[in-house]
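Quick notes on the structure that follows.
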Amino acid sequence: MPHLLQRAVLPLEHDPDLLPLYVDPETWTQIDEEPVRVSSRAQLSNILGRSEARIVAGRRVSFGTYFNAFPASYWQHWTPVRDITLTVHTSGPATILVYRSNGGGTKQRLETREVSGETTSSFDLTLNQYSDGGWIWFDIAADQENARFRGAEWTTEQEPTRSGKASLGITTYNKPEYCVETLRSLEAAPDVLELVDRIFLIDQGTDRVDAQPDFPDVAGALGETLQIVTQPNLGGSGGFARAMHETLQRPESDFVQLLDDDVRIEPESLRRSIVFGRFATTPTIVGAHMFDLLDRPKLHAWAEVVDDAPFMWRTLQQELMPHDFSVANLRQSPQLHMRLDSDYNGWWMCLIPVEVIRRIGLSLPAFIKWDDAEYCLRARDAGYPTVSMPGVALWHVSWVGKDDSIDWQAYFHARNRIVAALMHSRSAFGGTLIRHSRRLDLKHLMMMQYYPVALRHRALRDILSGPEHMAANIATAMPAARALQKEFPETVIHRDTGVPLRSRKGRQVFKRLARHTFDSPTGIRLRWFTLSTLVAHWLHAPKPENVEQPEVEFGKGDANWWRVPRYDSALVSAADGSGKNIYTRDRAAYRRMLRDSVLLHRKLQRDWPRLSREYRAALGDVTSADSWARIFDRPSR
């Protein structure tokens, strides 16, 4: 009996921005080694349904796209599947062309077949040449008459390594409209629900999902499959840990599929991730890629790793991200054909086998930040890989309009990164982490951002107190961090009121450089700039006129750590464009925090071996189901 691995799908929405992710009806050429469209005829009118499209006479449409090409290298590398069948359903006179690529993106034709009338065409394919990378896809070309595409599937006779369904765990905090839309999409996808045991919606907010006017209809359609769980706000880690905990009580669930709240899903991606998890040779965490919800052809995350020396996350091929599929589609992007291996995957969408949870425990009680990375590193150390799977993705609100390193989340960025390093770093003293952390303090202090430094120092003090603090403050650390914000005037966003805020010397504008290229000082210039700035801020008080009114103004993209420190005060645009922050130099706060930074990092360096032993020894307990059950059972404050 053939097992369905992947089906060809067309967009659920009548949105031209989505079209390049599903079909590529354009003609392309290259100019100066860059892909360029030669023709661009409107094609939305030819999309006739979820699996049906018109191929206009004389035109050619490629399914060599993100959602419809088959990621052959990942199936060859991570599963025992070697023989697959592509089945294409058409009507009318057409030519079907099947292609493959290698890890360098070189295209090779595998087979060509002319068809007419109502036709089902099958192509037997072997996965034995894709160790470095490569996709398989097909094109359909119509002749003198219109043809029609009526669906396609990729199947195998290979039996899956494991069976079982997945429970979905959706964590939300006051994003009810998104959640209702996700539930509606699931209700309309019966082929996905066939693989779903339960949908656990963990509602931690005050604007409840089940209070929305559209909720009763979708809940009625989903029936007992949907279960609402309410609890205090324990952050993403608390919500996802609850989904893991509930899934452990379900013998029918072999996986939990974690989903963020502020997303739009592609239901076929959910089905593909569960199927891939079933076929994986060893129990495998299957992660999804992330497209920008507000710029939908733009891919922000492909494969993510943690560099051990600074112990910092990044995207592989970071210089190429984000990738805009409306500018260069899959066939025109050789860098997207290499197989990329991940250390972790973000929990905007991530499938975790229950076997892994039983072996290594639940999420770290981190509230937010680093919980997903830490979990996958923990799984890696126990022998369970993470695969960020091409063709499996959703749309999530990106971080383009955010700067959470300077708001209340600065505490969790610092605390959880260092805790994860204490538990998992393979370098002595975390490699260069402590030096990097100290540099972050200096940058914030030079930029007159005292609030994030205060939070980072609170995080260091909590780390030094031992691992018990994580479970103890999971419900209180965020409110405490936000309360501290009131003590720092630079955190106030001055909204536009019709009367513009002005600086004494006007807005500073700088020449824009290429993406990922900066004009920051390096080498001797960097050392001199840092030393001279630190000394100047220590010795000299700001001029009164610059305290009374901001000295200069910066756009957010120009407010860099090597520019802002040259001034006593600055008017800086907020990351989301909603207003402006006023940064003013405070010599007393600067002196106090600089001393604290030196002392706290020195103590962290001295105590690192002991702290690492303590945190590693405590990991099993703080992530256990029993520990989380005690957190869930605490009375609400």
Side-chain angles (χ1 to χ4, degrees), residues 5-6 21 63-84 86 98-108 110 125-138 154 156 158 160-161 268-269 272-291 299-308 313-323 325 328-346 349-351 353 373 376-377 379-380 383-393:
L5 304 181
Q6 178 173 313
L21 303 181
F63 288 78
T65 56
Y66 179 84
F67 278 122
N68 281 321
F70 185 79
S73 63
Y74 289 77
W75 279 93
Q76 176 178 320
H77 187 76
W78 296 107
T79 80
V81 174
R82 290 298 174 267
D83 297 309
I84 62 172
L86 165 64
V98 181
Y99 293 93
R100 60 153 290 190
S101 65
N102 60 21
T106 301
K107 181 176 72 173
Q108 300 173 341
L110 296 177
L125 305 164
T126 303
L127 305 183
N128 61 359
Q129 294 180 302
Y130 302 93
S131 59
D132 278 347
W135 301 69
I136 308 175
W137 68 89
F138 62 94
W154 307 80
T156 184
Q158 172 80 37
T161 307
E268 170 68 9
S269 287
R272 290 177 186 178
S273 66
I274 298 169
V275 171
F276 188 82
R278 286 177 165 184
F279 276 91
T281 305
T282 62
T284 298
I285 297 173
V286 184
H289 297 163
M290 190 199 88
F291 285 91
L299 177 69
H300 278 272
W302 184 280
E304 294 180 294
V305 296
V306 176
D307 290 328
D308 193 67
W313 56 36
R314 67 177 174 89
T315 300
L316 272 177
Q317 297 186 323
Q318 189 160 322
E319 70 282 359
L320 302 175
M321 292 293 158
H323 180 82
F325 280 91
N329 215 324
L330 180 66
R331 294 176 302 141
Q332 292 84 37
S333 307
Q335 70 274 12
L336 301 184
H337 292 247
M338 181 189 303
R339 194 194 81 239
L340 300 178
D341 295 341
S342 306
D343 286 336
Y344 77 98
N345 198 93
M349 177 177 162
C350 192
L351 182 87
C376 292
L377 293 179
R380 176 201 67 186
Y384 301 111
T386 294
V387 176
S388 295
M389 188 67 182
V392 174

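Everything numeric here is computed off the predicted structure, so don't read it as measured data. Note: hydrogens, waters and symmetry copies are ignored here, and every other heavy atom, side chains too, is used.
Here CG of L299 is found 7.5 Å from CG of L336. Values are rounded to the nearest 0.5 Å. Note that CZ of R272 is 3.5 Å distant from CD of Q6, once rounded to the nearest 0.5 Å. To the nearest 0.5 Å, atoms OG1 (T79) and CG (L127) are separated by 7.0 Å. To the nearest 0.5 angstrom, L21 atom CG is 7.5 Å from N329 atom CG. Annotation: the span from I274 atom CD1 to S269 atom OG amounts to 11.0 Å, rounded to 0.5 Å. With values rounded to the nearest 0.5 angstrom, T126 atom OG1 is found 5.0 Å from D83 atom CG.
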- Run the numbers on Y99 and F138 for ring pair (Phe, Tyr, Trp, His ring centres under 6.0 Å), then give the verdict. CA-CA 6 Å; Y99 293 93; F138 62 94; over 10 Å; no
- Task: Kindly determine whether W75 and F279 satisfy ring pair (Phe, Tyr, Trp, His ring centres under 6.0 Å), including the steps that lead there.
- Result: CA-CA 9 Å; W75 279 93; F279 276 91; 5.8 Å; yes
- Any chance you could lay out the side-chain contact (heavy atoms from CB on, under 4.5 Å) test for D132 and N102, step after step, and finish with the verdict? CA-CA 7 Å; D132 278 347; N102 60 21; over 6 Å; no
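You'll find the ring centres of F70 and W154 inside the 6.0 Å limit. A distance below 6.0 Å separates the ring centres of F291 and Y66.
In terms of modelled atom types and a separation under 3.5 Å, the side chain of T156 and the main chain of Q158 share a donor-acceptor contact. Using a distance-only test at 3.5 Å, with no hydrogens or angles considered, no donor-acceptor pair links the side chain of T106 to the main chain of G104.
Cation-pi contact between R339 and Y130: absent, since separation from the ring centre below 6.0 Å together with deviation from the ring axis within 45° is not met.
H323 and S333 are linked by a side-chain donor-acceptor pair at a separation below 3.5 angstrom, with hydrogens and angles left out of the test. If you check the side chains of N345 and S388, you find a donor sitting under 3.5 Å from an acceptor.
Of the candidates K107, R331, H337, H337 is the only one forming a side chain to side chain donor-acceptor pair (under 3.5 Å) with S101.
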